[in-house]
There are 2 protein chains.
Amino acid sequence: MMDVAARAELSPSTVSLYFRKPDAVSPSASRSIAQAIEALSYVPNLMAGGLAAASSRAVSIIVPSVRNAFFAETVATMQAELGKERLQVMLGHTEYSEREEENLVRMALSWAPAAVVLTGLSHTNATRKLLRDSNVPVVEIWELGSEPIDMAVGFHHEQVGQAAANHLIQRGRKRLVFLGARMQEDRRAAFRAEGFLETARNAGGIVADVIQHPAPSNAAVGAMLLAETVRKFPDVDGIACSNDHIALGVIFECQRLGITIPQRLSVVGFGDLSFSAACNPALTTIRPPGDLIGTEAARLIIENTSGGSVNKQHVIDTRFTLLQRQSS
Amino acid sequence: MMDVAARAELSPSTVSLYFRKPDAVSPSASRSIAQAIEALSYVPNLMAGGLAAASSRAVSIIVPSVRNAFFAETVATMQAELGKERLQVMLGHTEYSEREEENLVRMALSWAPAAVVLTGLSHTNATRKLLRDSNVPVVEIWELGSEPIDMAVGFHHEQVGQAAANHLIQRGRKRLVFLGARMQEDRRAAFRAEGFLETARNAGGIVADVIQHPAPSNAAVGAMLLAETVRKFPDVDGIACSNDHIALGVIFECQRLGITIPQRLSVVGFGDLSFSAACNPALTTIRPPGDLIGTEAARLIIENTSGGSVNKQHVIDTRFTLLQRQSS
DNA sequence: CGCAAAAATAATAGCGCTACGATTTGTAAA
DNA sequence: TTTACAAATCGTAGCGCTATTATTTTTGCG
């Protein structure tokens, strides 16, 4: 930076200002600084900057797994939005372990990040303490319900279960089953199941159950769960799945078993994954706004970072959409 | 760190050493340092460390998009492997633009990363120059073929196309079509198509074509491409898809059109995605080792970082596997 | 027990930048 | 012109750690 300053015949302070608040330097100074940067192919050292400022242009995003299309969507969107503000995304995967999340938060805080993004509202006490003490803005995504650490962007998963149940009931279904995978680890899937059961039980004249499998969701698990369901509850006529991978497996297994959808069985998924609209039959599903969660979370972070106005204590309910297609 | 040192009644140097080379401090010193860290809930400042050492414990991974399950798998695996060594993953998405990749590399280098990971072998000249000048180890993943910047982990995509063509020919298929999406941007898909065509043309008695669509791959595009294929080439009896999303669309569209798989049409995919084994019929596909690419790339980075032995100029061919299932 | 070599610990000198207040320069009204 | 005020620029003093070299302590062996 001193070299750039020397070449531009300005002080290092002005060059620093040029990077941090471009509008605060005169157009002529800007021009000569830009030239000097170009000529020297100067790349600022963000670690020195972060050290001096006691805060870096890094945002730590911690999700269960980016293998999961939901979180991949949000992470990708956030990276694009934050990148515009020259904020770097640092990524961590908890694999659904709160203990691991705690480690990742500890590592993240070593970087004095501009913000920390966590998935869900359930964390260890140590994680909470670490974050509170650090005074870093925290955004919790993909779940609403209990009190956030400071900001939250997401929706209520119980409401998803309720919407699925209501939809099936509206379609005249009486014998409902919720199919879930890995619900011990995936709290949000469990909430969806809970909302589903509660709504069905309050409806009157409806019978509802949950069948689950401990493995991560995929179509093979969905097929197994459907097979188990028709064995246990031969009169089932409405199925909600904890996500579209399970639903896809249900569709294939029904094809193999000769169960017609939606004539004999209505199926509702969750996720609106890339294949959901193209299935045979096209899958009725509930679409969580993974991209909107990303843009809103990024917006909160950017406002908190640049604005200086501590806009904390925000909760944004992004809602979700039920997309009715052929499967119900 | 000075506080920790004071509490442990040692010098800051020893505490620093404790973090960097734990084996170099005596067991008794280790113990008292550990206690002091615990008592003060000290979190080291990695930016100060990175500044002093002129190199950070961050690894920048730049992929087209983490929405793509292939790259999500590799990124997740790398994060897990690098996390063990307390290396932080910084993530960037190019959205298949080399210009954007250049920006991301520039941003990444501001962090003096321990390594930079790029997807593929095709980059702008400026990107190459930036990386060469920075002297940061570079690992290029998911593609082999031309000369890497310094290390590469992946496989030859032409060979994937060849394997698909050979498999279909072996199954007695004569009229082949390769279905591709977004092949202008996705060089690797284009290489697979190339390998497919070349092998089919060299086989004798085989006719092969490519049909493509500019949109990103998904099942809907696959369904469209299949419909177009049977319109243009009614005698088609073997199809290879640029990935399993396309293949899934093909399966569904064939169901709708009453085309039996594999009796009338053999289908081979690419990716072995989560649904591929559970399809109806189960999808024959070529499995790229996304996780192995991740572990090998992480290994190279760790060796380069800790070992000090500049193990550059490594090329690792991870190969791929053809999984024959019911669709061929 | 004494000595050399090895192991453990400590002192020193920055790494490259930012925040802050201080200073200089520019500009419009009196 | 002068003056007052805003805009632009600058100087200073670290941020918290690491690398290197120097020093002290421990160990093994005659």
Side chain to side chain contact (heavy atoms under 4.5 Å, CB included) between V66(A) and H93(A), worked out: CA-CA 7 Å; V66(A) 84; H93(A) 300 120; 3.3 Å; yes
N/O donor-acceptor pair under 3.5 Å between D150(B) side chain and V138(B) backbone: yes
Exam field: side chain T119(B) to backbone I62(B), donor-acceptor pair closer than 3.5 Å: yes
Nucleotides bounding contact with chain B, strand DNA chain C, heavy-atom threshold 4.0 Å: dA8(C) to dG16(C)
SB check [X] [Y] (cutoff 4.0 Å):
X       : Y      : result
R7(A)   : D3(A)  : no
R299(B) : E81(B) : no
R57(A)  : E85(A) : no

Sugar-phosphate only, base, or nothing, as touched by A53(B) at under 4.0 Å among non-hydrogen atoms: sugar-phosphate
Sugar-phosphate, base or nothing in reach of P44(B), heavy atoms under 4.0 Å: sugar-phosphate
Strand contacts (DNA chain D) in residues 14-35 of chain B, 4.0 angstrom heavy-atom criterion: S16(B), R20(B)
Flag for T74(A)-W142(A): side-chain donor and acceptor within less than 3.5 Å: yes
Side-chain donor/acceptor contact of S11(A) with base of dG11(D) under 3.5 Å: no
Partner of H123(A) under side chain to side chain donor-acceptor pair (under 3.5 Å), chosen from R128(A), E98(A), E101(A), K129(A): E101(A)
